[in-house]
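Chain A is the first sequence line, chain B the second, and so forth, proteins listed ahead of strands; every chain is numbered from 1.
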Amino acid sequence: MTGLVLYNTRTRTREAFEPIESGHARVYSCGPTVYAPQHIGNLRPYLMADLLRRALEAEGLRVTHVINITDVGHLTDDADAGEDKIESAAAKSGRTAAEIAALYTEQWKNDRRRVGCLEASVYCKATDHIAEQIALAKRLEAKGYTYRIDDGLYFDTAKFPRYTEFARLDLAGQESGARIADVPGKRHSADFALWKLPAPAVQRQQEWDSPWGRGFPGWHLECSAMSTKYLGAPFDVHTGGVDHIPVHHTNEIAQSECALDVHPWVRFWIHNEFYDLGGEKISKSKGHVLVLQDLVDRGFEPLAFRYFFLQGHYRQQQAFTIDAMEAAATGYRRLLGVAVQVRDAAERPDDAVISAYRARFREAVRDDLNAPRALAVAWEVARGADLGAAEKRALLLEFDGFLGLDLASATPRTAVAESDPRIDGLVAERESARRRKDFAAADRVRDALAAEGIVIEDTPAGPRWRRT
RNA sequence: GGCGGCGUAGCCAAGUGGUAAGGCAUGGGACUGCAAAUCCCUGAUCCCCGGUUCGAAUCCGGGCGCCGCCUCCA
């Protein structure tokens with residue numbers, strides 16, 4: 001039995017986590033649709049999944065973590081009537097669908113890396129698994145869960161009595177309306193496409209032959225097909241944003257449970273809430289959504305964004321503002337400062353002193369991945385007057401296995417990170433002026449450097465400088 | 001309109017029955033020629049009203065406000 005307790009959307013309760021297969025946790029995370037840059041809010045699901053993965057490993061489990069990459073079939077709305085996001089982006093940019101997907105997949109992977117997410121065991125693309133998706137749809141068809149209309153092959157949600165259970169949907173309240181009219185022939189508004197056939201006049205870049213005609217897979221299908229391929233069924237944890245509960249995850253469950261005869265198909269469903277980006281949704285400087293690189297351009301370290309993330313609980317909306325980001329960056333810089341100070345401390349900490357902090361940190365992690373509480377314990381350690389350098393070092397490095405803030409290889413952010421002959425010369429000039437008590441001259445140099453964004457810090461070891 | 005979430009010090013936020021974690025900012029102090037950096041100290045009774053309870057930020061009811069998803073309809 002692990003000590004980890006997670007909030008499970010499926011049961012709407014907190015449950016002790018125990019893997020189906022002893023010693024091995026199988027996790028699937030809904031990944032990005034790679035048609036545009038991912039704004040910083042889209043990083044939250046992966047940061048949350050990363051926390052989960054680290055917590056599972058801390059329990060001594062081997063983790064197989066699969067993340068899908070949606071590079072086809074995700075429509076611009078959930079009514080099965082919109083355009084394919086990838087095709088649409090390709091058409092607008094003059095690039096091919098494959099180029100669009102490759103470009104934004106790389107950006108996304110790079111962003112993940114920069115905010116300290118561990119690499120997934122498997123990244124799987126929808127377009128690499130067309131055969132698996134077709135096989136799954138055929139299985140559903142053979143079992144009588146589908147029907148065909150001009151638009152494609154559809155899943156008949158009425159054939160799956162548990163359909164509304166997961167999201168606690170009130171379908172009656174949504175039954176009527178435009179969604180049915182959008183796709184002629186749909187039997188129920190909630191029915192969804194397994195395989196889509198393009199309209200007669202439409203020429204698509206991404207098309208495949210299938211038993212139902214040349215077309216492309218419905219968005220939901222890939223997650224069922226690929227998770228089954230890489231994790232089997234049932235498996236332990238499925239993660240994603242809360243927005244996926246009513247449609248995407250509901251449909252995944254319907255497909256999978258009907259095709260595979262499993263229930264529950266997934267034991268734990270973990271969903272993250274969103275950031276409230278408020279007025280920061282758009283990057284003013286560039287006129288597009290706020291992406292990680294925009295923060296970097298403003299002088300923030302990517303891991304400072306991770307620190308921001310850690311300050312809130314993943315199931316809680318969190319307000320992102322530049323002010324909050326600056327506060328996080330300052331906190332992160334100072335925490336790193338402590339890590340640097342104790343970096344060369346002795347290897348032999350006093351276990352008796354350490355154990356209480358270790359226990360409290362672990363308790364926070366195990367309590368539904370309570371990162372803010374874990375971070376608070378880290379700060380108590382950092383500031384703790386009752387702890388020596390060896391104890392601080394040992395604890396902070398251990399905690400960083402969960403926090404992922406790179407405390408181990410921390411370099412002092414307040415020190416000189418670069419060398420410049422001209423600036424070094426000016427700093428030396430100021431130093432000699434100070435020695436002969438010519439403070440007016442010394443301050444002139446300091447002011448001049450400040451004007452170009454360079455600040456001088458005097459330390460017992462002499463002056464040093466950094467850019468702000 | 002339906003569903004879900006939230007409203008805790010200036011800001012970001014933990015905390016779900018027993019007298020409010022942590023970070024940032026502010027103010028004070030130490031250090032400094034003065035600064036910067038760093039360190040120490042420093043603040044809230046928890047949106048409003050009513051109820052349950054010996055006791056509620058934490059449970060119940062009613063307001064007000066905000067966010068998200070679905071929907072435009074009974």
Side-chain angles (χ1 to χ4, degrees), chain A residues 7 9 12 14 41 77-79 164 167-182 189-190 240-250 271-278 280-281 304 307-335 337-338 340-341 360-361 363-364 367-385 412-416 430 433-443 445-447 449-450 454-461 463-466 468:
Chain A
Y7 180 84
T9 304
R12 303 295 199 281
R14 296 155 48 86
D77 68 58
D78 283 326
T164 59
R168 310 197 171 175
L169 296 174
D170 173 21
L171 280 185
Q174 308 180 134
E175 198 68 39
S176 56
R179 297 184 67 178
I180 288 178
D182 280 344
S189 63
V242 287
D243 57 327
H244 284 150
I245 296 171
V247 178
H248 183 49
H249 289 166
T250 287
H271 291 97
N272 64 281
E273 257 295 349
F274 291 127
Y275 288 129
D276 179 357
L277 262 39
E280 313 288 352
K281 198 164 283 177
Y307 183 98
F308 171 81
F309 161 77
L310 292 171
Q311 284 188 305
H313 186 90
Y314 76 88
R315 284 201 294 121
Q316 227 55 55
Q317 289 180 23
Q318 188 179 354
F320 178 90
T321 61
I322 290 299
D323 281 352
M325 186 61 225
E326 274 167 1
T330 301
Y332 179 50
R333 195 188 75 228
R334 288 185 183 154
L335 191 60
V338 175
V340 170
Q341 275 172 29
R360 289 178 52 227
F361 186 88
E363 191 186 341
D367 182 14
D368 198 24
L369 313 175
N370 196 321
R373 239 170 71 202
L375 191 58
V377 175
W379 268 108
E380 285 180 47
V381 168
R383 304 265 205 233
R413 296 309 201 263
T414 52
V416 181
R430 167 175 173 273
R434 291 181 69 213
R435 285 212 195 84
R436 52 175 199 272
K437 307 279 191 215
D438 184 358
F439 296 121
D443 289 348
V445 174
R446 186 170 65 192
D447 292 345
L449 284 172
I454 289 164
V455 61
I456 296 178
E457 295 173 0
D458 293 323
T459 77
R464 61 194 182 190
W465 60 271
R466 68 189 167 89
T468 53

- Taking atom P in both B:C40 and B:C46, what distance in whole Å separates the two? 30 Å
- Query: Residues two or more places apart in sequence or in another chain: which of them pass ring pair (Phe, Tyr, Trp, His ring centres under 6.0 Å) with A:His313?
  - Reply: none
- Item | Donor-acceptor pair (no angle test) under 3.5 Å: A:Gln317 side chain, B:C67 base | yes
All N/O contacts under 3.5 Å from nucleotides 16-20 of chain B to the protein, with atom names and distances to one decimal?
none

Are any protein N/O atoms closer than 3.5 Å to N/O atoms in nucleotides 33-35 of chain B? If there are, list each pair with its distance.
{"residue": "B:G33", "atom": "O6", "partner": "A:Arg434", "partner atom": "NE", "Å": "3.2"}
{"residue": "B:G33", "atom": "N1", "partner": "A:Asp443", "partner atom": "OD1", "Å": "3.0"}
{"residue": "B:G33", "atom": "N2", "partner": "A:Asp443", "partner atom": "OD2", "Å": "2.6"}
{"residue": "B:C34", "atom": "O2", "partner": "A:Arg446", "partner atom": "NH2", "Å": "2.6"}
{"residue": "B:C34", "atom": "N3", "partner": "A:Arg446", "partner atom": "NH1", "Å": "2.8"}
{"residue": "B:C34", "atom": "N3", "partner": "A:Arg446", "partner atom": "NH2", "Å": "3.2"}
{"residue": "B:C34", "atom": "N4", "partner": "A:Arg446", "partner atom": "NH1", "Å": "3.4"}
{"residue": "B:A35", "atom": "N6", "partner": "A:Asp458", "partner atom": "OD2", "Å": "2.8"}
{"residue": "B:A35", "atom": "N1", "partner": "A:Asp458", "partner atom": "OD2", "Å": "3.1"}
{"residue": "B:A35", "atom": "N3", "partner": "A:Arg446", "partner atom": "NH1", "Å": "2.8"}

Determine the contact category for [X]: base if any of its heavy atoms lies under 4.0 Å from a base atom, sugar-phosphate if only primed atoms, P, OP1 or OP2 are that close, otherwise nothing.
{"X": "A:Ala376", "result": "base"}
{"X": "A:Pro372", "result": "base"}
{"X": "A:Glu326", "result": "nothing"}

- If every non-hydrogen atom of A:Leu335 is compared with every non-hydrogen atom of A:Ala382, which pair is closest and at what distance? CD1-CB, 3.9 Å
Quick one: which protein N/O atoms are closer than 3.5 Å to N/O atoms of nucleotides 25-27 of chain B? Pair and distance per line, please.
{"residue": "B:A25", "atom": "OP2", "partner": "A:Arg334", "partner atom": "NH1", "Å": "3.0"}

- Message: Quick check against the 3.5 Å criterion: does A:Asp367 have a side-chain atom that pairs as donor or acceptor with the backbone of A:Asn370?
- Response: no
- Message: In this structure, how many angstroms lie between the C1' atom of B:A37 and the CD1 atom of A:Ile454, rounded?
- Response: 16 Å
- Query: Which pairs, with at least one residue in residues 310-319 of chain A and sequence neighbours excluded, count as a salt bridge (charged side-chain N to carboxylate O under 4.0 Å, His left out)?
  - Reply: A:Arg315-A:Asp368
- Task: With sequence neighbours excluded, tell me which residues meet salt bridge (charged side-chain N to carboxylate O under 4.0 Å, His left out) with A:Arg383.
- Result: none
